[in-house]
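Here's the structure, in structure tokens; my notes come after.
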There are 2 protein chains.
Amino acid sequence: MATSADVAQHAGLSRSTVSQILNGREHLFSEETIARVRASAAVLGYRPSLAGRTLARGTSDIVITLIPDVTFNPRLRELVDIITADLTAAGLTNLLRFVGSEESLHDTLLGLKPFGVVSLAPLPPAQERRIREHGVHLIAQPREAQVAIDEEIGRLQARYLTDAGYDTLAVVVPVAVRERGFALPRERGAKAWCSEQGVRVLPTLRVALERGGAQAAVAKLPPRPVGLVAYNDEVALAVLGAALHQGRRTPEDFGLIGVDNSSIARASTPSITTVDYDIAFSGHAIAGLLLQRLNVQDVADPAHQVTDRLRVVAGDTTPAPTS
Amino acid sequence: MATSADVAQHAGLSRSTVSQILNGREHLFSEETIARVRASAAVLGYRPSLAGRTLARGTSDIVITLIPDVTFNPRLRELVDIITADLTAAGLTNLLRFVGSEESLHDTLLGLKPFGVVSLAPLPPAQERRIREHGVHLIAQPREAQVAIDEEIGRLQARYLTDAGYDTLAVVVPVAVRERGFALPRERGAKAWCSEQGVRVLPTLRVALERGGAQAAVAKLPPRPVGLVAYNDEVALAVLGAALHQGRRTPEDFGLIGVDNSSIARASTPSITTVDYDIAFSGHAIAGLLLQRLNVQDVADPAHQVTDRLRVVAGDTTPAPTS
DNA sequence: CTGTTAGCGCTTTCAG
DNA sequence: CTGAAAGCGCTAACAG
């Protein structure tokens, strides 16, 4: 592995010259010197050692993105891809780490002296504090903001169903504990809308994503038309299959709306009405915050920003707009 | 941030003593010295600097796991979690990176001087070479092995369906390009089985995972019973919904088998027969290889190992075994 | 059993 | 515009 000293020697210059030129101070040097350095670096296949650089600078070019322990849907991946691309463009390296619900963050991550840490889900306060104490820039949505967004999602789903004519709704959530953090606020949001509008709400259906789980849940529904607010497309799909199997028809006997605008929702027959959100926006926002060393609080209330980015994608499980 | 020098001073010892004790050479020191060092380290909240250590050792404790650009299903996550856990237990830090289909591996990753790189999908030969040239230990399944496994999966699916009594089969694959690498071999495996057994195979159905995509594909099926070999559970689900909607019944009119044993396959109504694989096994195998600095070739033919780990999970889309 | 010493590869003043 | 020198935090010989 070639070192910067090798490059310097090969080019017949000093190490500092090489370092300067390779680190954005090229305007201080002659065309020819620059060319020589670049040529030598290329010939030797020089790659700066991150360790050396980190030691000298006190901080590395690495960003750690913490990924929550929920269903890893394509949207989440899209979000990660956008953040990674933006950071790469800025010369940073985004590395990922899955975090279990309550698992403690590994100390080694901090030992990396990362340029920053991005958490895609709210972090326990203790961990948040620890990261900040280490002088590491942390971007994480405060739990309240996340909750506000999810409530808004639930509210939007409920609103869409009542607008579509259902006068009785029910919320459907998975039993899986790990989805709880997102499911609870969504359920709350949907119920809040209903109580504001005087819409009747049936007891929440909890479906186990296992064989027969959805059937058992759906069997509890009354025979009359009901609008179902599903936690996500996966749950919606399970419910859809079970309901159709029991002879219920959509959208006549039941309406259904999921969340994620996933391909399974679109590719399903009938296709499922679902909520889409502009994830690209969030991705760029997160990367921008990190690059400008800003904090989430420094910008306008994120809940408002994001609710503007929610949108319903109509499918076959709700009546076509009568417009 | 406390350094090892701080710890040494606090304990009234030399830095090397501290370093030795904190790096597994404690058997050389007195009980009391050890206790003092540990106490001081704890008091000061000392965390070794990865950069310093890497520089001194020439290699870091980091492992980079490359994740392919395919649907990130729960099984894949499980695999990653297992690898991470095993590596953590060995004192290594596993960091993840998504790799796009043909996107070039970022050089910075090599600059990290990682302890090793794990690729969860076969790598282009050029990249593989480059990683190895940098003296980095790479664990990646050779493309042939991956292909062999996928062929075996397709073969198993086809076999299960013919055993279940279907005398005509059709393969169903997604049109998405990024799944191609896995889809082609599976299709080939299924067809190979059919031609060996003299089973009739219909033209492969290509389904777009978009609205109406599955309907269009299913409409091409003849009215008589056919066994469908689906690329994965997602595709199977799309096909299932479309076929039921068109009035076909399962398992009488069509049989269906997916791959992944995902929750959506189990939670679907009717539930989908699917192929499960022992991913924990692979995870431990990968971590073990890395820790022992072995290569994939050093162990027995992986294709054979893995085919033993495949198993069909019966669902409602194939007839119950008549035993 | 303990301390001294010499780097690992890089960046960054600072003097020329 | 260029080069010398110092030091980031740690490890590992080696001498005591």
Side-chain angles (χ1 to χ4, degrees), chain A residues 1-38 40-41 44-62 91 93 107-108 110-115 134-135, chain B residues 1-37 40-41 44-62 91 107-108 110-115 134-135:
Chain A
M1 194 61 234
T3 75
S4 87
D6 296 337
V7 175
Q9 186 180 2
H10 183 105
L13 298 166
S14 79
R15 289 178 61 198
S16 83
T17 302
V18 170
S19 181
Q20 312 245 77
I21 290 181
L22 262 26
N23 283 288
R25 293 210 199 297
E26 2 179 290
H27 56 279
L28 302 177
F29 301 83
S30 74
E31 283 291 336
E32 203 237 320
T33 306
I34 295 177
R36 254 204 326 209
V37 168
R38 292 209 186 293
S40 299
L44 302 179
Y46 170 69
R47 293 283 127 220
S49 146
L50 227 197
R53 168 175 293 179
T54 301
L55 211 43
R57 293 225 266 235
T59 172
S60 75
D61 291 341
I62 292 180
T93 303
D107 276 333
T108 21
L110 268 1
L112 262 177
K113 301 251 183 293
F115 177 89
H134 277 248
Chain B
M1 195 61 235
T3 74
S4 86
D6 296 336
V7 176
Q9 187 180 3
H10 182 105
L13 298 166
S14 79
R15 289 177 60 200
S16 83
T17 302
V18 170
S19 182
Q20 310 246 76
I21 291 182
L22 262 26
N23 284 289
R25 293 207 199 296
E26 3 180 291
H27 57 279
L28 303 176
F29 300 84
S30 73
E31 283 291 336
E32 201 236 320
T33 307
I34 295 177
R36 252 198 335 202
V37 167
S40 300
L44 301 179
Y46 170 69
R47 296 279 128 223
S49 146
L50 227 196
R53 169 176 294 180
T54 300
L55 211 43
R57 294 225 265 237
T59 172
S60 74
D61 292 342
I62 291 178
D107 277 334
T108 21
L110 268 3
L112 262 178
K113 301 254 182 295
F115 178 89
H134 278 249

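Every chain is numbered from 1, with letters handed out A, B, ... down the list of sequences.
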What integer distance in Å separates [X]:[atom1] from [N]:[atom2]?
X        : N       : atom1 : atom2 : answer
Asp61(B) : dC8(C)  : CG    : C1'   : 15 Å
Arg25(B) : dC1(C)  : CZ    : P     : 15 Å
Leu55(B) : dG7(C)  : CG    : P     : 14 Å
Gln9(A)  : dG3(D)  : CD    : C1'   : 15 Å
Leu22(B) : dT2(C)  : CG    : P     : 14 Å
Leu13(A) : dT11(C) : CG    : P     : 16 Å
Leu50(A) : dC8(C)  : CG    : P     : 18 Å
Ile21(B) : dG3(C)  : CD1   : C1'   : 13 Å

> With a cut-off of 6.0 Å (strictly less than), are more than 12 heavy atoms of other residues, nucleotides or ligands near CD of Gln9(A)?
Replying inline: no
> Does any donor-acceptor pair link the side chain of Ser19(B) with the base of dA12(D) at a separation under 3.5 Å?
Replying inline: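 Looking at the base of dA12(D), it does not pair with any donor or acceptor on the side chain of Ser19(B) (distance under 3.5 Å).
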> On a plain distance test, is the side chain of Ser16(A) in donor-acceptor contact with the base of dG3(D) below 3.5 Å?
Replying inline: yes
>> Using the side-chain heavy atoms of Phe29(A), tell me which of these nucleotides is nearest: dT11(D), dT2(C), dC1(D).
In response: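 Of dT11(D), dT2(C), dC1(D), dC1(D) is nearest to the side chain of Phe29(A).
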> Where the side chain of Ser14(B) is defined as all heavy atoms beyond and including C-beta, which of dT11(C), dT2(D), dT4(C) is the nearest nucleotide?
Replying inline: dT4(C)
> Donor-acceptor pair, Ser60(B) side chain versus Lys113(B) backbone, under 3.5 Å?
Replying inline: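 Answer holds: yes.
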>> Donor-acceptor check, side chain of Thr108(B) to backbone of Gly111(B), threshold 3.5 angstrom: yes or no?
In response: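 No, Thr108(B) side chain to Gly111(B) backbone: no donor-acceptor pair under 3.5 Å.
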Is the shortest side-chain N/O distance from [X] to OP1 or OP2 of [N] below 4.0 Å?
X        : N      : value
Thr3(A)  : dC8(C) : no
Thr54(B) : dC8(C) : no
Ser49(A) : dG9(C) : no

> Between Ala56(B) and Arg53(A), who's closer to the 5' end of DNA chain C by nearest nucleotide?
Replying inline: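 Result of the comparison: Ala56(B).
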> Which sits closer to the 5' end of DNA chain C, Asn23(A) or His27(B), going by the nucleotide each is nearest to?
Replying inline: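 Between the two, 5'-proximity favours His27(B).
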>> What I'd like to find out is whether the side chain of Val37(B) reaches to under 4.5 Å of the side chain of Phe29(B), using heavy atoms alone.
In response: no
> Between Leu13(A) and Arg36(A), does a side chain to side chain contact (heavy atoms under 4.5 Å, CB included) hold up when you go through it step by step?
Replying inline: CA-CA 9 Å; Leu13(A) 298 166; Arg36(A) 254 204 326 209; 3.3 Å; yes
